[in-house]
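These notes concern the structure reproduced below.
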Amino acid sequence: MLWSKLFIPTLRENPAEAEVVSHQLLLRAGYIRQLSAGIYSYLFLAQRSLRKIQQIVRQEMDAIGAQEVFLPALHPAEVWQESGRWDIMGDNMFRLKDRFQRDLCLGMTHEEIMTVLARGELRSYKQLPQIWYQIQTKFRDEPRPKSGLLRVRQFLMKDSYSFDLDAAGLDAAYDKHYQAYCRIFDRCGLQYTAVEAHSGAMGGSQSHEFMVASDAGEDFVSSCPDCGYSANLEKAVSRHSQPLAPDPAGDLNPEPFHTPGRKTIAEVAEFTGLPESSQMKSLVLVADGKPVLVMLRGDHQLSETKFGAISGDMEFRQAHPHEIQNWFGAAAGSLGPVGVKNMQILADQALAGRRNMIAGANRDDYHLRHVTLGEDFEAEIHDLRQVTAGDCCLSCGGALAIHKSVEIGHIFKLGYKYSDPMNLRVLNAEGKEVTPIMGSYGIGIERILSAAIELYHDKDGMILPPSIAPFDVVITPANNSDTAQMEAAREIYEACLAAGLDALLDDRDERPGVKFKDADLIGIPFRVVIGKKLGSGMVELVERKGKKTTDVAVAGAARAVAAQAGR
RNA sequence: CGGGGCGUAGCGCAGCCUGGUAGCGCACCUGCCUUGGGCGCAGGGGGUCGGGCGUUCAAAUCGCCCCGCCCCGACCA
């Protein structure tokens, strides 16, 4: 294509609203323009790149026997009410009414629609297994859209759904997806890891997320450099460190002592001269409308996800100060588990086996020493703490690291979460009605592009992997008014097209510097520059990554590009 | 939803404190010139200063309300 005819509105300066690199470059390179918060128009270059990504996704989905369909984005409320998610999704769901005041919504995901489709059509075990997928626009009314295309309110998602007769079938479908996702992200040129994940509002038993490590991400991944263990921080487990000081020995009884003005764990540690790990931290939460006292080691943090899963209420909240005063007769800085009878007590497993620790006395400005779980109070023991960097890996003992990541894919074993309540049934070989088991598998199309830019860029612009770049090569005559250069440029351009390369001829009447800057910015993997060396029949082939330059003959230029691009 | 910031030409910004009717750079248009890293010269077009109400002889500037966008937090299949 001829650059002079294209609309590629590059910007010399960074728009003020863009914070993360991928957002800045997508705007500057003329890929996208914002319409509203979290809603973007994809211009020519973005559309080309996103189509290449979608093509890779299609090929790999087709390769595992998945069938592409296209479902509605506009859904009647009834199907979401059937699964119970009409209420669960809350304000994150875009809702609207039609002219008859019927409730509708814009699809955030398509489990319900797929299940409705399946239950109307699937009758026999002989029709299973099935994998259906689509590439659809999803709508989510994010409370805070941010970071360009990384967190938006309207986006493209490849979502697929598997239907199987039994758990072994689901395992196979899940594994096929896992493998296909690896191939997709490999082909897109991404460095990524698959991590164990929390399944959240999707429900289900097992779940992996595909993550690209980047500070622009919003998820935290805990990983072990030694054995490869890797999990979303929401789900991650570890062996906690040893307490910094030994517990006092013996069958000691709780004993109050005055701690004037010491409310925080750190203040009490300083006051007593004992480390934070010798204390118990008391948190008061309200789940399902009921108070729960959560006990953690003083230096540990609560994992809200783990607590939500255990309490069965992801919408839990912290207790208000007046509630705490009512229930404990003391304020938040002096709470403890001893003598608490009016609520459930949960304790983190790091407290099991500990003796004679320090906890609040439920009397302002007093704490207790010699508090022991199982003797001085009873509690249900669970894994409640959030992993911190430096914790020991459960499988190998290595030191866990934590880094921010962008989630580009997520696969779930849904089990019967949708098929059962929504009455999806088929007859098995014995003629008995059985409920198929389902899986659900998503890929964020724009996130692949954004993550690639976050991973691969330099001060001059994007360095896109060739497989997802909008063009393979840009042909740049240095001087438009030099007819010999223009002729050679056209010849090379035609040869590239003939070789099956996506080629762009920069025929704009601009100075060379402008063309070079733009070519670098939009991230085309290869550039052929026709300049002064044309006198001796040579042109330059420049690789965007690293700016490595080689001289090639005009006649061999297209072949050289194809070879370097691996075509 | 809580905290903070911003809104003046397509983009980046100044002007606002101390009211007097809008300016700079880039981009854009015309001509000349130039051609290996956003070139030079000359001329030119483009803004109801986010919106409303108020104060004032006079509001981009002061006050109140609203809207939008960005950042932090909460939230997030």
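First the proteins, then the strands, lettered A, B, ... as listed; each starts at 1.
- The distance from atom CG of A:Asp91 to atom P of B:rC1 is 9 Å, rounded to the nearest whole Å.
- B:rG44 and B:rG37 have their P atoms separated by 31 Å, given to the nearest Å.
- Atom CZ in A:Arg151 sits 14.5 Å away from atom NE2 in A:His23 (nearest 0.5 Å).
- Taking the P atoms as reference points, B:rG10 lies 34 Å from B:rU34, given to the whole Å.
- Just one residue in the list A:Arg527, A:Arg508, A:Arg511 forms a salt bridge (charged side-chain N to carboxylate O under 4.0 Å, His left out) with A:Asp518, and that residue is A:Arg508.
- Residue contacts shown for A:Pro143 include a base, since a base heavy atom lies under 4.0 Å away.
- A:Glu218 has its CD atom 11 Å from the P atom of B:rA74, to the nearest Å.
- Taking only distance into account, the side chain of A:Arg144 never meets the base of B:rC71 through a donor-acceptor pair shorter than 3.5 Å.
- Nucleotide B:rC76 holds its C1' atom 12 Å from the NE2 atom of A:His410, rounded to whole Å.
- The distance from atom NZ of A:Lys146 to atom P of B:rG68 is 20 Å, rounded to the nearest whole Å.
- B:rA22 and B:rG15 are spaced 8 Å apart, taking the C1' atom of each and rounding to whole Å.
- B:rA74 and B:rU18 have their P atoms separated by 39 Å, given to the nearest Å.
- Residues passing the ring pair (Phe, Tyr, Trp, His ring centres under 6.0 Å) test with A:Phe139, sequence neighbours excluded: none.
- Summarising the geometry, the separation between NE2 on A:His23 and P on B:rC70 is reported as 7 Å, rounded to the nearest angstrom.
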Inset, instruction - List the protein contact pattern of nucleotides 25-37 of chain B with one symbol per nucleotide (5' to 3'): B for base contact, S for sugar-phosphate-only contact, - for none; contact means a heavy-atom distance under 4.0 Å. - result: BSS------BBBB

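- Between the P atoms of B:rG7 and B:rU61, the separation comes to 12 Å (whole Å).
- Atoms CZ and CD, from A:Phe412 and A:Glu209 in turn, are 7.0 Å apart once rounded to the nearest 0.5 Å.
- Distance CD1 (A:Ile32) to C1' (B:rC69): 14 Å, rounded to an integer number of Å.
- Ring geometry for A:Trp80 versus A:His75: interplanar angle under 30°, hence parallel rather than tilted (30 to 60°).
- Taking atom C1' on both nucleotides, B:rA9 is separated from B:rA27 by 11 Å, rounded to a whole Å.
- When the C1' atom of B:rC71 is taken as reference, atom CD of A:Glu19 falls 6 Å away, rounded to whole Å.
- Residues passing the ring pair (Phe, Tyr, Trp, His ring centres under 6.0 Å) test with A:Tyr493, sequence neighbours excluded: none.
- A:Glu142 places its CD atom 14 Å from the P atom of B:rC69, with the value rounded to the nearest Å.
- Pair assignment for B:rG68: B:rC6, on the basis of Watson-Crick or G-U wobble contacts that are both within less than 3.5 Å.
- B:rU55 makes up no base pair with any nucleotide shown, lacking Watson-Crick or G-U wobble contacts both under 3.5 Å.
- Dashed line: the shortest gap from a side-chain N or O of A:Gln318 to OP1 or OP2 of B:rA74 is not under 4.0 Å.
- Between A:His322 and A:His320, the two ring planes are parallel [angle under 30°; tilted spans 30° to 60°].
- A residue-by-residue look at A:Arg153 and A:Ala16 shows that A:Ala16 has its nearest nucleotide of RNA chain B further toward the 5' end.
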